[in-house]
Amino acid sequence: MKHIVSFSGGKDSTLMLLLMIEKNMPIDDIIFADTGMEFQELYDYIERIEGIIGRKVTRLKPKKTWDELFFATKKKGNNIGQINAFPLTMACIMTDRLKRKPIQEYYRSIKTDFTVYIGIARNEPKRYERLKPNEKAPLYEWGIDENYVIQELKRRGLHNPLYDTFDRLGCYTCPNMNLKELRLMRKRYPAEWAKLMWYGEQAEKYATRRRFAEFKPGWTVAELEKRFQLEELQKELQFYETSLT
Ligand code: SF4
């Protein structure tokens, strides 16, 4: 029997991993499905955790990269020849190709029974109920909720700074980010924002229809950039107006 920790660098799987090690629970492998599109800060955080636990995390890489999927042209349907561009919000094809499939392939490569340990806190009963027979959620079973996870990681000096900006971790090109997150990302992560702008330009360049130019429903990346610039301008004007009165 093998014991596999599913590690995302998120708060729940991080604390679960640390506690499992402290409780001397068997761990044969720690896996991280790397989309290749995570914030650099997440990659740095994972390296930091590796240093603390003194062992390597196995990075699972997808067969096709985000770029290959983004620029692949449609072979059937009404939009033959059009590049895929950004995934649809909610039904993100990238989740399947960049995460789910590499994980499934990894599982298939294990030639024995195995248990997967997943970071699910006590306040996520629905996720817990959906677990398969060979999946376990130690945090949930120990009665540890999200609030405790956050406080405990802070106490250990292991708060992941990405949570100061984002509600959930993921690709810097994720259309499921809300406007608040995107606004903050533009300010705090200019390198990733510049890359997102580049993908936005490519989407517009190759779009045969408006939908394929969009990053989020109704918005191209360039339009979001203009919107945020305008908001900043309005704030500055308001500041000058109040300082003059
Ligand atoms: S983070 Fe967003 S873009 Fe990336 S795989 Fe998940 S849903 Fe898709």
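Position 1 is the first residue of the sequence, and the numbers go up from there. Both ligands and their constituent atoms are indexed starting at 1 by order of listing.
When only modelled atom types and interatomic distance are considered, Gln238 and Gln234 share no side-chain donor-acceptor pair under 3.5 Å. Inspection of the Asn84 and Lys74 side chains reveals an N or O donor paired with an N or O acceptor under 3.5 Å. Judged purely by distance below 3.5 Å, without hydrogens or angles, the side chains of Asn134 and Thr115 never pair a donor atom with an acceptor atom.
For atom 8 (Fe) of ligand 1, protein N, O or S atoms closer than 2.8 Å were enumerated as Cys92 SG, with waters left out.
Side-chain contact check for Ser13 versus Ser6: every heavy-atom pair is 4.5 Å or farther apart. At a threshold of 4.5 Å between non-hydrogen side-chain atoms, the residues Tyr189 and Thr165 count as touching.
No continuous path of hydrophobic side-chain contacts links Ile120 to Met16 [ILVMFWY only; heavy atoms under 4.5 Å].
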